[in-house]
Structure formats: C-alpha cells, structure tokens
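Here the structure comes first, spelled out in structure tokens, and everything after it is commentary.
On a predicted model such as this, the values are computed, not experimentally measured, just so you know. Each chain gets a letter, A, B and so on, in the order the sequences are listed, and its residues count up from 1.
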Amino acid sequence: MNFAIVVHGGPYSSQACLSALKFAKAVLASGHSINRVFFYHDGVYTANSLIAPPQDEAPVSRQWQEFGTGNKIELIACIASCLRRGILDETEAGRYEKSGSNIAPGFTISGLGQLIDASINADRVVTFGV
Amino acid sequence: MSSMLFVFSRPPHGSINAQEGLDALLMGSAFTACSVLFVGDGVLQLVTGQSTDALGTKNFSLSFGALKDYGVTRIACSMPDLLARGLHKSDFLIEVEPLDAAGMQALIRHHDKVLNF
C-alpha cells in the first residue's frame, strides 16, 4: 500500500513530528511505500537547518533528513507555511532579500499542490498533529 | 480521481490552523472534487460578522464566500456541535448543510481521502 504522510506538529513542541517519523519507518519496514512526506503548519520547523537541540534530546530534524535521503523519499515543506516561519531556501532568501537561507539538506520547499497531489495518488493519507 | 473531504475542527482564531486549512481546501478544489465538514469548534469559523481588528490578525473568514466559486461540492457541519454552541445555520456566512451523526459518517465514507485541520 502507498502512503502519504502529513506532519502538522513542530519537532520540539509536539509529539506529532516524532510519531510521524516512527510511523513512516514502520510503513517501510512492513513492505509498504511512501509517496511523499508533506510538512505543513508548524511541521515545517523540521526543515530548519539551524535547529541545535540539547545533546540528550533526539535530533528530530536530522533523523528525518536521514530517513528521507536514505530511502529516497521526498520531504516537502509547504512554502506558505515556511515563509511565515522563516524557513527559506536560497531562491526565497534572494526573493525576499533576507540575510541567509536555512533549509535543511534533504528537504524541498514547494507548494500546497504537493499535498493534494500526494493525497490523491496515495492509497492512504495519514496526518500527524491535528 | 480521488475525492477529498476536508474536516475543520479548530476555532477560527487563536491559532493559524483554520486559515491554513482553508488554504489547503482552496488548493485541493483546484485539483479534484472536494467537500468540507465543520465539526467541534470548527463550526465557529463560519459565524458571520467576525472582526479581527482587535486581534491584529487577518480576517480570513471572508474567503469562505469563495468556496462555491472554487467548486467545493458539499459544505456541511455537525448539527450537534452547532446546537451545543447555541448556533443556527442562519448565523453563518454561507449556506451550510447541518448533518446528524449518521449524515457525517456517510459523508466521510463517501470520500476517498480525508484531511483534518
């Protein structure tokens, strides 16, 4: 079965972000596939490369990066949510004349259409953090 | 093409969830057949005469007027949640179909995908 996963919760303010990662790993371990992970609302904070968590706390953002890169799964952060929260890639940083970009490796900033497209084409959509 | 149901359960103000949910619904309706169901405090999103002047936030409730133009198929709400909040559908900005529990269950079952906001 093909899953779309949607993450609404931020990495250190909500359990949703880690629960989604554990679920995503379980999906693959069970022989299913994931067509895309879409980060929306505060979930886009996961894509912030400037996160520096205490050493005794899980590096949630890096764990997602490793999961996405290692399994060749798209990690998409919603552009409207990102811009409101200061998550920028080089293109957006240039467009809005900001001092730097901070999108973490493995994440891509894109539009809400990616959420709809992933939902339409998946067998199941599972949302975390509502 | 999959049909999609958007379920809105958050109050309109106090967090950006309702506004970002509406953005997703409008985007979805550009791609495929979409309906929306307001439940819990989500029914408050539809109340007419909202003003956000004192809050300093955007009054996105005006965008609900565009749902018909975007081709949103069914606009429904939970009848019990409406009654529990002392509301009547005449309090709403737009025409909404109140559903009982069985009606909501049927609506959810009728759609291929459900997104919660």
Side-chain angles (χ1 to χ4, degrees), chain A residues 1-10 13-17 19-20 23 27 32-47 76-87 108-130, chain B residues 1-45 52 55-58 60 63 66-67 70-73 78 81 108-117:
Chain A
M1 201 173 274
N2 191 12
F3 286 77
I5 294 176
V6 188
V7 184
H8 286 198
S13 50
S14 161
Q15 178 62 40
C17 192
S19 295
F23 178 80
V27 165
H32 300 296
S33 59
I34 296 170
N35 68 2
R36 184 173 296 146
V37 183
F38 191 85
F39 295 85
Y40 198 37
H41 294 301
D42 285 353
V44 300
Y45 284 125
T46 316
I76 303 288
C78 169
I79 187 165
S81 295
C82 279
L83 293 177
R84 284 191 183 109
R85 292 165 177 85
I87 315 291
T108 306
I109 293 182
S110 189
L112 265 176
Q114 299 284 332
L115 167 65
I116 306 303
D117 175 73
S119 304
I120 289 172
N121 292 308
D123 298 309
R124 295 283 186 276
V125 189
V126 185
T127 304
F128 291 84
V130 179
Chain B
M1 190 69 96
S2 291
S3 60
M4 296 180 72
L5 176 68
F6 289 73
V7 179
F8 292 166
S9 59
R10 299 292 189 87
H13 311 296
S15 82
I16 200 169
N17 289 67
Q19 186 183 332
E20 290 191 330
L22 179 59
D23 288 345
L25 169 60
L26 295 178
M27 178 60 74
S29 58
F31 280 77
T32 189
C34 292
S35 294
V36 57
L37 172 65
F38 295 85
V39 300
D41 282 343
V43 299
L44 299 170
Q45 293 181 29
T52 57
L55 298 176
T57 55
K58 178 176 164 181
F60 72 94
S63 306
L67 293 187
Y70 274 79
V72 173
T73 318
S78 159
D81 293 338
I108 291 168
R109 197 170 294 160
H110 181 72
H111 287 82
D112 298 313
K113 305 286 161 45
V114 179
L115 285 181
N116 293 296
F117 289 93

Student check: side-chain heavy atoms of Val126(A) and Val27(A) closer than 4.5 Å: no

Just wondering, do Phe38(A) and Leu112(A) contact through their side chains at under 4.5 Å, heavy atoms? yes

Using heavy-atom distances under 4.5 Å, tell me whether Phe8(B) contacts chain A through its side chain, its backbone, both, or neither. neither

From CA spacing to verdict: side-chain contact (heavy atoms from CB on, under 4.5 Å), Leu22(B), Leu67(B): CA-CA 9 Å; Leu22(B) 179 59; Leu67(B) 293 187; 3.9 Å; yes

Top contributor to chain B interface from Ala122(A), Gly111(A), Cys78(A), Ala80(A) [non-hydrogen pairs under 4.5 Å]: Ala122(A)

Could you pull out the closest heavy-atom pair between Ala24(B) and Ile116(A), with the gap in Å? O-CD1, 3.8 Å

Compare every heavy atom of Phe6(B) with every heavy atom of Cys34(B), then report the nearest pair and how far apart it is. SG-CE1, 3.7 Å

Checking Met4(B) against chain A: side chain, backbone, both or neither under 4.5 Å from a heavy atom? side chain

List the atom of Ile87(A), the atom of Ala47(A), and the distance in Å for their closest heavy-atom pair. CG2-O, 4.0 Å

For Leu83(A), side-chain contact (heavy atoms from CB on, under 4.5 Å) partners two or more places apart: Ile79(A), Leu88(A), Glu92(A), Tyr96(A)

Every donor-acceptor pair from chain B to chain A under 3.5 Å, please, each on its own line.
residue, atom, partner, partner atom, Å
Ser2(B), OG, Ile120(A), O, 3.1
Glu20(B), O, Tyr40(A), OH, 2.4
Glu20(B), OE1, His41(A), ND1, 2.5
Glu20(B), OE1, Arg85(A), NH2, 3.4
Glu20(B), OE2, Ser81(A), OG, 3.2
Glu20(B), OE2, Arg84(A), NH1, 2.7
Glu20(B), OE2, Arg85(A), NH1, 3.2
Lys113(B), NZ, Ser119(A), O, 2.8
Lys113(B), NZ, Ile120(A), O, 3.2
Lys113(B), NZ, Ala122(A), O, 2.6

